[in-house]
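Structure first, commentary second.
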Amino acid sequence: NVTLDKAPGSGRTIYLAQVSSDHNRISSATRVRYLSNTSFDVMLQPQAKDYYNSVELLEEAIGYVAIEAGQAQGRLSSVVAGTMNADHNFQTASMPWTMKDLGVFAQLQTFAGHDTAVVSASVPSGQTSSVKFKAREDTSRGNSISHTYETVGYLNVELPLLPSLDDPL
């Protein structure tokens, strides 16, 4: 369980978590559940082939970001944070304006499907006003890709334009 000193704002809190150490030798998904505006539970879920063999995961360090759902437009960058429902088929999250050169971060916010799963994003290149998300199930134990609806939390960041190494200074 992770508890914040205070909520990041008065709206819904979105949590993005990731393993930030490397003690385990097996692949696992980082899952969050039991979310409130000031706390959440985080767990590591091994690949299905290891999960069903009762593999124990070692303790890992977890890094996380807690951000209030909403949007902001700045001179150099824009940010949209929100939630949507998605299953194993891509679902579209619309943004309030067109953005370009997106950095997309996403995390399942629920634990409805108990199979090991992560979020996949489909981000169009260039300018876009939408991003697609789906719950992608682990197929290490079988070919089933069907997954129930989960809540996806996302943070879309418009990256500022930076000169490439090929551009003259």
Side-chain angles (χ1 to χ4, degrees), residues 2 8 11-35 40-53 55 57 60-72 77-160:
V2 176
R12 181 181 190 155
T13 302
I14 297 166
Y15 296 98
L16 306 171
Q18 181 176 315
V19 172
S20 57
S21 59
D22 188 22
H23 299 277
N24 289 291
R25 300 211 183 271
I26 62 171
S27 295
S28 60
T30 307
R31 300 288 299 263
V32 297
R33 61 183 180 172
Y34 306 131
L35 301 142
F40 68 101
D41 279 359
V42 63
M43 68 175 282
L44 295 180
Q45 189 178 26
Q47 281 185 340
K49 69 183 179 85
D50 297 317
Y51 182 76
Y52 293 104
N53 292 327
V55 171
L57 290 171
E60 295 280 13
I62 303 290
Y64 67 90
V65 172
I67 188 167
E68 180 182 16
Q71 57 207 27
S77 183
S78 299
V79 175
V80 176
T83 59
M84 64 171 298
N85 290 329
D87 63 359
H88 56 275
N89 297 304
F90 277 113
Q91 307 293 325
T92 302
S94 296
M95 293 178 284
W97 55 78
T98 298
M99 298 171 82
K100 60 182 177 241
D101 300 320
L102 284 181
V104 176
F105 307 90
Q107 176 89 45
L108 294 177
Q109 304 288 290
T110 52
F111 201 81
H114 293 285
D115 293 331
T116 304
V118 296
V119 176
S120 281
S122 175
V123 183
S125 61
Q127 294 190 351
T128 185
S129 60
S130 65
V131 176
K132 295 180 180 181
F133 297 102
K134 72 176 181 176
R136 184 171 51 87
E137 229 176 76
D138 166 40
T139 56
S140 66
R141 190 166 190 262
N143 293 328
S144 170
I145 59 167
S146 179
H147 196 83
T148 189
Y149 276 92
E150 300 267 12
T151 300
V152 174
Y154 60 88
L155 172 63
N156 298 336
V157 179
E158 185 175 34
L159 304 173

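Computation of the quantities below employed the complete heavy-atom set of this structure, encompassing side-chain atoms and omitting hydrogens, waters and symmetry-equivalent molecules.
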Over all atoms of both residues, closest heavy-atom pair of Ala117 and Leu108: O-CD1, 3.8 Å
Candidate pair Tyr64 and Val42, rule side chain to side chain contact (heavy atoms under 4.5 Å, CB included), full reasoning: CA-CA 10 Å; Tyr64 67 90; Val42 63; over 6 Å; no
From OG1 (Thr13) to CG (Leu35), nearest 0.5 Å: 9.0 Å
Partner residues of Phe90 under the ring-ring contact (aromatic ring centres under 6.0 Å, His included) criterion, sequence neighbours left out: none
For the student: nearest non-hydrogen atoms of Ala112 and Tyr149, plus distance: CB-O, 3.5 Å
Ser120: partners by side chain to side chain donor-acceptor pair (under 3.5 Å), with sequence neighbours left out: Arg136
For Ser78, side chain to side chain donor-acceptor pair (under 3.5 Å) partners two or more places apart: Glu158
Test side chain to side chain donor-acceptor pair (under 3.5 Å) applied to Glu150 and Lys134, Arg31, Gln109, the passing residue: Arg31
Residue pair Met95 / Thr128: nearest heavy atoms and the distance that separates them: CE-O, 3.8 Å
Val131 side chain reached by Tyr154 side chain, heavy atoms, under 4.5 Å: no
Validation: residues 81-89 side-chain donor-acceptor distances under 3.5 Å, sequence neighbours left out:
unit_1: Thr83; atom_1: OG1; unit_2: Arg12; atom_2: NH1; d: 3.4
unit_1: Asn85; atom_1: OD1; unit_2: Thr151; atom_2: OG1; d: 3.3
unit_1: Asp87; atom_1: OD1; unit_2: Asn89; atom_2: N; d: 2.9
unit_1: Asp87; atom_1: OD1; unit_2: Gln91; atom_2: NE2; d: 3.4
unit_1: His88; atom_1: ND1; unit_2: His147; atom_2: N; d: 3.0
unit_1: His88; atom_1: ND1; unit_2: His147; atom_2: O; d: 3.1

Gln18 atom CD: more than 12 heavy-atom contacts under 6.0 Å: no
Minimal non-hydrogen separation, Trp97 against Ala72, with atom names: CZ2-O, 3.7 Å
Sequence-distant partners of Thr30, side chain to side chain donor-acceptor pair (under 3.5 Å), two or more places apart: none
Heavy-atom closest contact (Gly153 atom, Ile14 atom, distance): CA-CG2, 3.8 Å
Separation between CG of Leu16 and CG of Leu155, rounded to the nearest 0.5 Å: 6.0 Å
Interatomic distance, Gln71 atom CD to Asn156 atom CG [nearest 0.5 angstrom]: 11.5 Å
Nearest heavy atoms of Val157 and Met99, plus distance in Å: C-CE, 4.3 Å
Counterpart residues, ring-ring contact (aromatic ring centres under 6.0 Å, His included), relative to Tyr15 (two or more places apart): Phe40
